[in-house]
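Just so it is clear, the structure is predicted and the values come from calculations on it, not from any experiment. All chains are named by letter (A, B, ...) in the order of the sequence lines, taking the proteins before the strands, and each is independently numbered beginning at 1.
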Amino acid sequence: MKIINILNSPFRAILFCEMSKQFTLGKDERLKSRKLIEQLFDTGKSFVVTPFRVYFILNSELSAGKERSLLQFGVGASSKNFKKAVERNRIKRLTKEAWRLQKNALEEKVKASVKQLNVFFIYTGKELPDFAMVKDKVNVALKKLVDTIDESISQNS
RNA sequence: GCUACAAACCGAGCUAUCGUUUCUCGCCUUAGGCGAGAGAAGGAAAGUCCGGACAGCACAGAGCAUUGCACCGGUGAAAAGCCGGGUAUUUCAACCGAUGCCGAAAAAGUAUGUUGAAAUAACAGAUAGUGCCACAGAAAAUAACUGCCUUCUCUCUCUCCUUAAGGAGAGGGUUGGGGUGAGGUUGAAAAUGUGGGGUAAGGGCCCACAGCUUUUGAUGGUGACAUCAUUAGCGGGUAAACCUUGCAAGCUGAAAUGCCACAUAUACCAUCGUUUGAGGACUGCUCGUCCGAUGAUGGAGGGUAGGCAGAUUGAUCCCGUUGAGCAAUCACCGGGACAGAUAAAUGAUAGUUUAGAAACAGAAUCCGGCUUACGAGUUUGUAGCGUUU
RNA sequence: UGACCCAUGGUGUAAUGGUAGCACUACAGAUUUUGGUUCUGUCUGUUAAGGUUCGAAUCCUUAUGGGUCAA
């Protein structure tokens, strides 16, 4: 009963949530729909952070459905550069892990600006990376995304 | 003891923190959320080289084509799989040993033979037919050329007879005709090899020995086949050239297919056609049969791209006892195991153990094989090297 | 996932099972005061490993690499 009480109190609820659910990457946080991905590649913008090319698109929250998460994410590696499925899997896993551990700041920013963001990473390098490098580069990309959100807000206002 | 190769086994474990996915249970609430528990890549999941299951379409039938396979028996759902056997070739070992060829001799414990072991084999047919066989060589296959023979012809010389023509004999030439077939430097391959007889000259033309193929019979074996006797022969190679014979195969693959939801355009343009038949089905073609009018083909354009089933327990795999079998494998009983995603799950970080913070490598409908890639160690086998006795 | 095709010097392409050819490129030489043009010569090759055959770029098998089609 004590636990329920704690859950019911608004302050505690936020704290609990932040502690336990900080570094998740569930189904609704990943880009799943083929249609949305095609839209992202057709109309979205992109920039390059050395081994990665990052596609993103900012939607207003109203246009997106309520069920969808505010921030959705996807990774890819071309089978031309990496012929073996094991290598492609490894790149996707490393990138997912790096995103999972570092995306929180961006999520807060998106929430604050009342928008919805879709991001897709494509690995364009030709050699297998290690985790430290991937983590570093994803961090750079995240900072760039935060900057672009700031710009769009300032333009609107 | 070391190294190499082949086969079999195994294909890392533990702790902490964060995280993914499926199922079950509980709570809140019926949109979903939270918590707990359990499960979560391979020996090759790979290549897609074979074979199936399963599904859809088709299924009165006939012929042709196409593709694949090819010693025998067993096994298996089936297979270019597996097991056992036969035959051939090669290598090794042991034994017999010049009986053949060549030669003046050496050659030699060599060839050949017998037995055993291992390896390899797309291992039906070259006497159904067609094609091809570079260079070299006379010739790469009914043959021609060269050579040999000729008491056929032509022609020259000499001798004899008769003397008008001519005739007879001997010797030479080789234009032509006839006979003959392996002697002819080559080549990967040359009409079975050697000896003798025979002949105008020669030839398996005949004989002896040897080799190979074949007919028939007997014996053994389920059979391939083997042994013995007998009969007829000696024809180059190539079928992984076309092909012939026998056997098998309907076509398409889960992005198949069925259902639900959502959305639209039965509109527009061109060509053909409406019983004098466009087009379609029998799925490669033909015959034949059937269907056939709000029709067929193409162009340009519009809409959707969500969910459920298929779909993960099946010819299933593993272990053990017993039985059948040489074995592959099969049968009975007992026990155990088996992921299920859909932009697609097994991860990251730190520490630690072995041995170096392991190699090859990631399920996507599912099985049986084959092939290829690979790590450390153990066992077995083969080969080589070194040390000791 | 399924089906299919291809591989010849550095590049583009030929070659009935019988000496791997052609063009461009590169290099060297000649011509020219020098460079270019032109001429002459040289270098470099059948994707790999097995098999069939007297003999394989070619036929067969396996592997490697590249490409095409099917929503």
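Nucleotides B:rC317 and B:rC367 are separated by 11 Å at their P atoms, to the nearest Å. Nucleotides B:rG47 and C:rU64 are separated by 9 Å at their P atoms, to the nearest Å. Distance check on atom C1': C:rA23 versus C:rG45 gives 16 Å, rounded to whole Å. With C1' as the reference atom, B:rU329 and B:rA281 are 48 Å apart, rounded to whole Å. Atom C1' of B:rC18 sits at a distance of 15 Å from the matching atom of B:rU346, rounded to the whole Å. Here, B:rA249 and B:rU304 have their P atoms 49 Å apart, quoted to the whole Å. For the P atoms, the distance linking B:rA77 with B:rC318 amounts to 15 Å, nearest Å. Annotation: B:rU387 and B:rG356 have their P atoms spaced 34 Å apart (nearest Å).
For the pair A:T95 and A:F73, the tightest heavy-atom approach, listed with the atom from each and the gap, is O-CZ, 4.2 Å. Of all heavy-atom pairs between A:F131 and A:A98, the closest is CE1-N, 4.1 Å.
Applying the 90° cutoff around 0 to the glycosidic angle, B:rA7 is assigned anti. For B:rG43, the O4'-C1' to base torsion is within 90° of 0; the nucleotide is therefore syn. Glycosidic conformation of B:rA41 is syn; the angle stays within 90° of 0. Using a 90° window around 0 for the glycosidic torsion, B:rG63 falls outside it and is classed as anti.
Nucleotide B:rU378 forms a Watson-Crick or G-U wobble pair with B:rA8, both donor-acceptor distances falling under 3.5 Å. In a base pair of the Watson-Crick type (N1 to N3 plus N6-O4 or O6-N4) or a G-U wobble (N1-O2 and O6-N3), with each distance short of 3.5 Å, B:rA261 is matched with no nucleotide. Base pairing annotation: B:rA337 forms a Watson-Crick or G-U wobble pair with B:rU316, both donor-acceptor distances under 3.5 Å. Judged by Watson-Crick or G-U wobble contacts below 3.5 Å, the nucleotide C:rC59 has C:rG51 as its partner. Across all strands shown, B:rA104 remains unpaired; no Watson-Crick or G-U wobble contact has both distances below 3.5 Å. Within the shown strands, B:rU157 is the pairing partner of B:rA170 under the Watson-Crick or G-U definition, both distances less than 3.5 Å. When both pairing distances are held under 3.5 Å, B:rA190 makes no Watson-Crick or G-U pair with any nucleotide shown. Partner assigned to B:rU21 is B:rG39, using Watson-Crick or G-U wobble distances below 3.5 angstrom.
Here the P atom of nucleotide B:rA361 and the CD1 atom of A:I91 are 15 Å apart, to the nearest Å. The separation between A:K135 atom NZ and B:rC18 atom C1' is 11 Å, rounded to whole Å. Distance, A:K103 NZ to B:rC18 P: 15 Å, rounded to whole Å.
Proximity of A:W99 to A:V75: side-chain heavy atoms (C-beta onward) are nowhere separated by under 4.5 Å. A 4.5 Å side-chain heavy-atom check between A:N89 and A:K92 finds at least one atom pair inside the cut-off.
A continuous path of ILVMFWY side-chain contacts below 4.5 Å connects A:F47 to A:V110, so both sit in one hydrophobic cluster.
Electrostatic pairing of A:R90 and A:E87 does not count as a salt bridge here, judged by no charged N lying under 4.0 Å from a carboxylate O.
Two rings, from A:F52 and A:Y123, have their centers less than 6.0 Å apart.
Going from atom CZ of A:R53 over to atom CD1 of A:I122 covers 8.0 Å, rounded to the nearest 0.5 Å.
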Donor-acceptor pairs under 3.5 Å, side chain of residues 137-150 of chain A to any protein atom, not counting sequence neighbours: which ones?
from: A:K137; atom 1: NZ; to: A:T50; atom 2: OG1; distance (Å): 3.3
from: A:T148; atom 1: OG1; to: A:K144; atom 2: O; distance (Å): 3.3
from: A:T148; atom 1: OG1; to: A:L145; atom 2: O; distance (Å): 2.5
from: A:D150; atom 1: OD1; to: A:K109; atom 2: NZ; distance (Å): 3.1

Which letter, B, S or -, goes with each nucleotide of nucleotides 344-351 of chain B from 5' to 3', with contact meaning a protein heavy atom under 4.0 Å? SSSBSS--
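If A:F120 and A:A85 are placed on RNA chain B by their nearest nucleotide, the residue sitting closer to the 5' end is A:F120.
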